Amino acid sequence: MKLLSNWVVFFHSIRFRLVLWFSFILALVLFVFSMFIYYNQAMEVRGETRYRLARKFDDIIEAMAGFQKQSPILQPSDVFMLVDTNGKVLFNQGINTSQDVVGLMGQVKNAQADEESYESSQPVYWIQNWQDKSTEYFFIIKPVAISGQTGFAILGSPFDPYGLTSRLFFSLLFGSLLTIAIASGGGLWLADRAMRPVHAITLAARSISETDLNMRLNLAGKDELAELANTFDGMLARLQVAFDRQRQFVADASHELRTPLTIVNLEASRALGSKRTVPEYQRVLGVIRSENEFMSHLVHDLLTLARMDAGQQRLEKKPLDLSDIALEALERLESLAESKKVSLEAGELPETMVDGDRQSLLQVASNLVENAIKYAGGDQKWVRVETGMDGTIAWLRVTDNGQGISPEHLPHLFDRFYRVDKARSRESSDEQGGNGLGLSIVDWIVRAHGGEVQVDSEPGLGTTFEVRLDASEKRD
Ligand code: ADP
């Protein structure tokens with residue numbers, strides 16, 4: 001059964017089909033080539049035989065005219081007949097029956113030996129199988145005049161007495177078959193060698209599981225298969241990065257959820273452990289509510305990112321004014337700013353048109369302003385929002401006079417779950433849980449709009465986030 005399936009696999013393999021096609025084309029070429037050679041050779045033999053026959057005919061007639069008896073030029077394999085005009089047979093060798101004569105005369109007619117050519121003494125030639133079916137004879141018939149008598153003579157000789165054409169035929173057949181056999185064998189060997197890397201790729205692909213993407217083919221060379229293997233390795237590397245990122249994401253998400261769940265569990269257990277006063281219960285409920293808010297916020301952000309990764313977050317881009325978005329974000333976060341004693345300032349807000357999805361860009365502005373409020377510092381805390389144009393680039397800037405961010409953190413700010421100071425961020429989650437996802441969402445949305453986010457920060461002085469987008473070409 002296994003053997004059978006191996007053969008089935010072999011017959012379906014590319015190398016088998018390649019060799020089959022190759023052999024077929026080779027056979028076709030050899031056939032045409034052999035036909036050409038055989039035809040040429042046959043024509044040559046025919047011409048030569050005809051010449052020999054014509055000379056022999058003349059020699060025989062000449063000899064007969066001289067001696068009136070069988071000519072020594074006639075070979076035993078030749079046939080010869082001399083007939084006078086009345087149809088009387090004057091000489092005959094090898095033509096036995098009257099049917100033979102009728103047959104020969106029929107051939108003369110077939111060869112279009114009309115009256116005219118007969119009278120004009122033109123010889124007529126033809127070939128036919130003679131008695132022994134496997135031997136072809138070449139015939140000549142010609143009017144003759146011997147010793148004052150007129151008539152005609154027929155002479156027939158074996159067409160190819162040395163079997164040149166049949167030998168050539170078998171040589172060509174055998175040579176062609178041998179060539180095809182050697183070429184097919186060699187082709188199969190070559191195809192097998194060429195396809196070996198494919199086998200290696202197949203084995204490697206089979207051994208890769210989603211938990212182990214470390215496997216690489218590392219195929220050396222510059223041919224197509226090495227290129228394929230390199231592409232395959234590149235794809236594996238990208239997949240590995242994506243899988244690792246996904247795994248990290250899930251681990252971080254679980255970790256983020258575990259902390260508030262543990263807090264809720266601890267607080268509730270402690271409250272239930274013994275009788276407590278009303279203010280104590282109130283404090284515990286407050287903690288539970290705050291942790292619940294943190295988790296809601298986290299789950300909401302996780303869902304947003306998951307939808308973005310899955311390509312389900314649709315952006316409905318329309319021309320809109322960034323300054324409207326900035327004002328709306330300021331309005332939304334006014335109460336938060338008040339509670340944090342941060343003054344919200346609307347800086348210069350000229351009309352700044354971009355093509356964008358209103359809801360998503362509002363989320364970008366809100367996240368940045370919310371962060372600025374959260375991380376604003378000093379006695380006089382303020383956050384300023386501005387918009388403007390740099391040539392064809394529209395920008396929205398959110399500046400605060402907060403603690404700033406040290407340069408080593410700047411490259412990681414937009415990574416998921418990245419927080420400069422994890423402990424402090426988590427502490428400040430009493431009202432606004434910092435989960436480290438806000439800037440990743442901002443970055444994703446701005447990139448999806450074909451723009452970029454830039455950060456400029458001075459530790460101790462403040463931070464400026466700038467969203468840069470292509471300005472809309474349509475201006476109302
Ligand atoms: P979080 O929810 O923790 O604010 P973000 O992704 O929005 O998460 O921000 C990532 C980190 O970047 C924050 O934890 C904070 O350390 C830092 N950060 C963001 N905005 C500011 C800002 N305006 N000033 C100082 N640090 C900031």
Side-chain angles (χ1 to χ4, degrees), residues 245 248-249 252-253 255-257 259-260 290-306 308-309 326 329-330 332-333 336-337 339-345 347 360-378 380-386 395-448 452-467:
R245 203 189 299 141
Q248 189 61 43
F249 184 60
D252 287 344
H255 182 78
E256 290 298 320
L257 281 169
T259 315
S290 140
E291 292 305 323
N292 192 39
E293 265 170 19
F294 174 81
M295 285 191 283
S296 303
H297 205 81
L298 178 65
V299 169
H300 176 266
D301 284 355
L302 283 174
L303 275 177
T304 306
L305 279 170
M308 286 168 170
D309 288 345
L330 286 175
R332 279 172 113 194
L333 292 158
L336 176 70
S339 72
K340 293 261 180 187
K341 304 206 169 39
V342 178
S343 104
L344 277 188
E345 294 172 15
S360 307
L361 289 181
L362 186 60
Q363 188 171 2
V364 167
S366 304
N367 279 13
L368 292 179
V369 175
E370 191 181 331
N371 272 355
I373 295 171
K374 261 196 286 180
Y375 302 107
Q380 293 275 305
K381 298 187 208 171
W382 56 261
V383 170
R384 190 169 56 242
V385 184
E386 299 158 284
W395 51 259
L396 177 142
R397 221 174 264 159
V398 180
T399 312
D400 63 64
N401 65 339
Q403 65 215 33
I405 305 162
S406 7
E408 71 268 22
H409 294 295
L410 292 179
H412 307 290
L413 273 194
F414 300 99
D415 292 352
R416 292 174 185 189
F417 296 108
Y418 190 84
R419 286 175 304 208
V420 172
D421 184 346
K422 292 212 170 205
R424 215 160 53 105
S425 268
R426 191 62 193 91
E427 249 170 46
S428 69
S429 77
D430 296 352
E431 288 118 21
Q432 303 297 319
N435 56 30
L437 292 178
L439 284 181
S440 340
I441 294 174
V442 165
D443 188 50
W444 193 97
I445 294 172
V446 175
R447 277 173 195 271
E452 56 168 355
V453 190
Q454 290 177 353
V455 201
D456 186 18
S457 188
E458 281 276 327
L461 285 180
T463 309
T464 300
F465 279 90
E466 185 174 288
V467 173

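What you are looking at is a predicted structure, and each value in this text was computed from that prediction instead of being measured. Order of listing sets the numbers, starting from 1, for every ligand and every atom in it.
- Ion pairing between R245 and D309 fails under the 4.0 Å rule for side-chain N and carboxylate O.
- For Y418, every heavy-atom contact with ligand 1 shorter than 4.0 Å involves the backbone, none the side chain.
- Residues Q248 and F417 fail the side-chain proximity criterion, which asks for heavy atoms closer than 4.5 Å.
- Distances below 4.0 Å separate heavy atoms of G438 from the following atoms of ligand 1: 5 (P), 6 (O), 7 (O).
- Set against the non-hydrogen atoms of R419, the atoms of ligand 1 under 4.0 Å away are 3 (O), 14 (O).
- Counting only heavy atoms from C-beta outward, the side chains of L439 and D443 never approach each other to under 4.5 Å.
- Residues forming a ring-ring contact (aromatic ring centres under 6.0 Å, His included) with F414 (at least two apart in sequence, or on another chain): none.
- Under 4.0 Å from ligand 1, heavy atoms of L439 appear from its side chain as well as its backbone.
- Taking only non-hydrogen atoms, the option from G436, A376, S440 nearest to atom 1 (P) of ligand 1 is G436.
- When heavy-atom distances to ligand 1 are checked against a 4.0 Å cut-off, K374 comes that close only through its side chain, counted from C-beta outward.
- Within the 4.0 Å heavy-atom criterion, the part of L437 lying near ligand 1 is the backbone and not the side chain.
- Although no hydrogens or angles enter the test, the distance criterion places no donor-acceptor pair under 3.5 Å between the side chain of D456 and the main chain of T464.
- For H412, the NE2 atom is densely surrounded, since the number of other residues' heavy atoms within 6.0 Å is greater than 12.
- Enclosure of atom CD in E458 is not indicated, since only 12 or fewer non-hydrogen atoms of other residues, nucleotides or ligands lie within 6.0 angstrom.
- Set against the non-hydrogen atoms of L413, the atoms of ligand 1 under 4.0 Å away are 12 (O), 17 (C).
- With a heavy-atom cut-off of 4.0 Å, V420 touches ligand 1 through backbone and side chain alike.
- Interface of F465 with ligand 1, defined as ligand atoms under 4.0 Å from a residue heavy atom, comprises 20 (N), 21 (C), 23 (N).
- Near N435, the atoms of ligand 1 lying under 4.0 angstrom from a non-hydrogen atom of the residue are 1 (P), 2 (O), 3 (O).
- Judged by distance alone, with hydrogens and angles left aside, the side-chain atoms of N367 form a donor-acceptor pair with the main-chain N or O of G438 at under 3.5 Å.
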